[in-house]
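The block underneath contains the structure these notes are about, expressed in structure tokens.
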Amino acid sequence: MLKLLFVCHGNICRSPMAESVCAYEIVKRGIKNVSVDSAAAHTDEIGNPPHRGTQEKLRRENVPLIPHRARLLLNSDGEKYDYFIGMDDYNIRDMRRILGNIDKPVCKLLDFTSSPRAIADPWYTGNFDATFDDVVNGVNALLDGLEAQGLAKRE
């Protein structure tokens, strides 16, 4: 089983959105060997549910929200997951600090697209529509790449 971990600052906006979108796409595509989870790089929101803006946007797009409470990325996660996918450069820096020296991919979600860049944090921008569009773009590019490499397999 290939295990993906999405990470953002507080694990209430971008990373649970990416987790839910990716889980939805995995089912839609019939991929059987990929699992997803999400975590926070900081303790600000630990134990909280996804932001109401994330919940509302997923509901409007008919993407089921994965039941979730924010949790902190741990050093031990380095042994449990195969890919560590952040949303911006700050997430990447924090992930590397927490995970230490691991020999696994640590990258931004939009690095898998033709336009690599950060995904803006809707906690600050209030624009959950733009974040959702970026997440969908990144998730589809990620899954396309994993399938092309033979790492994600359909039934």
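Worth saying up front: this structure is predicted, and the values here are computed from it rather than measured.
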side-chain hydrogen bond (donor to acceptor under 3.5 Å, both in side chains) partners for Glu45, two or more places apart: Asn48
side-chain hydrogen bond (donor to acceptor under 3.5 Å, both in side chains) against Asp37, all qualifying residues, sequence neighbours excluded: Tyr81
Compare every heavy atom of [Y] with every heavy atom of [X], then report the nearest pair and how far apart it is.
X: Asp94; Y: Ala41; value: CB-CB, 3.6 Å
X: Met87; Y: Ser15; value: CE-CA, 4.2 Å
X: Ala152; Y: Val34; value: CB-CG2, 3.8 Å
X: Ile85; Y: Met95; value: N-CE, 3.7 Å
X: Val36; Y: Ala23; value: CG2-CB, 3.9 Å
X: Phe112; Y: Gly138; value: CB-O, 4.5 Å

Partner residues of Asp133 under the salt bridge (charged side-chain N to carboxylate O under 4.0 Å, His left out) criterion, sequence neighbours left out: none
Just how far is it from atom [atom1] of [X] to atom [atom2] of [Y], taken to the nearest 0.5 Å?
X: Thr54; Y: Arg14; atom1: OG1; atom2: CZ; answer: 10.0 Å
X: Asn11; Y: Thr43; atom1: CG; atom2: OG1; answer: 12.0 Å
X: Ser20; Y: Arg59; atom1: OG; atom2: CZ; answer: 11.5 Å
X: His68; Y: Ile12; atom1: NE2; atom2: CD1; answer: 8.5 Å

Donor-acceptor side-chain pairing of Asp88 and His9 below 3.5 angstrom: no
Min side-chain heavy-atom separation [X]-[Y] under 4.5 Å:
X: Asp129; Y: Arg60; result: yes
X: Phe128; Y: Met17; result: yes
X: Leu143; Y: Cys22; result: yes
X: Val136; Y: Val63; result: no
X: Pro64; Y: Leu58; result: no

Same cluster (ILVMFWY, side-chain, under 4.5 Å), [X] and [Y]:
X: Tyr83; Y: Ile31; answer: yes
X: Tyr24; Y: Leu146; answer: yes
X: Val7; Y: Ile119; answer: no
X: Trp123; Y: Val135; answer: no
X: Leu109; Y: Leu5; answer: no

Salt bridge Arg117-Asp134, side-chain N to carboxylate O under 4.0 Å: yes
Cationic N near anionic O, under 4.0 Å, Lys57 to Glu61: yes
CA sep, side-chain torsions, deciding dist, call: Arg29, Asp144, side chain to side chain contact (heavy atoms under 4.5 Å, CB included): CA-CA 10 Å; Arg29 292 174 184 229; Asp144 289 347; 2.8 Å; yes
Please answer whether the main-chain N or O of [Y] pairs with a side-chain N or O of [X] as donor and acceptor at a distance below 3.5 Å.
X: Asn75; Y: Ile98; result: yes
X: Thr131; Y: Asp121; result: no
X: Lys108; Y: Pro116; result: no
X: Asp44; Y: Gly10; result: no

Within 6.0 Å of NZ in Lys3, more than 12 heavy atoms from elsewhere: no
Arg154 atom CZ: more than 12 heavy-atom contacts under 6.0 Å: yes
Working for salt bridge (Lys or Arg N to Asp or Glu O under 4.0 Å), residues Lys28 and Glu25: CA-CA 5 Å; Lys28 209 164 93 173; Glu25 285 295 324; 3.2 Å; yes
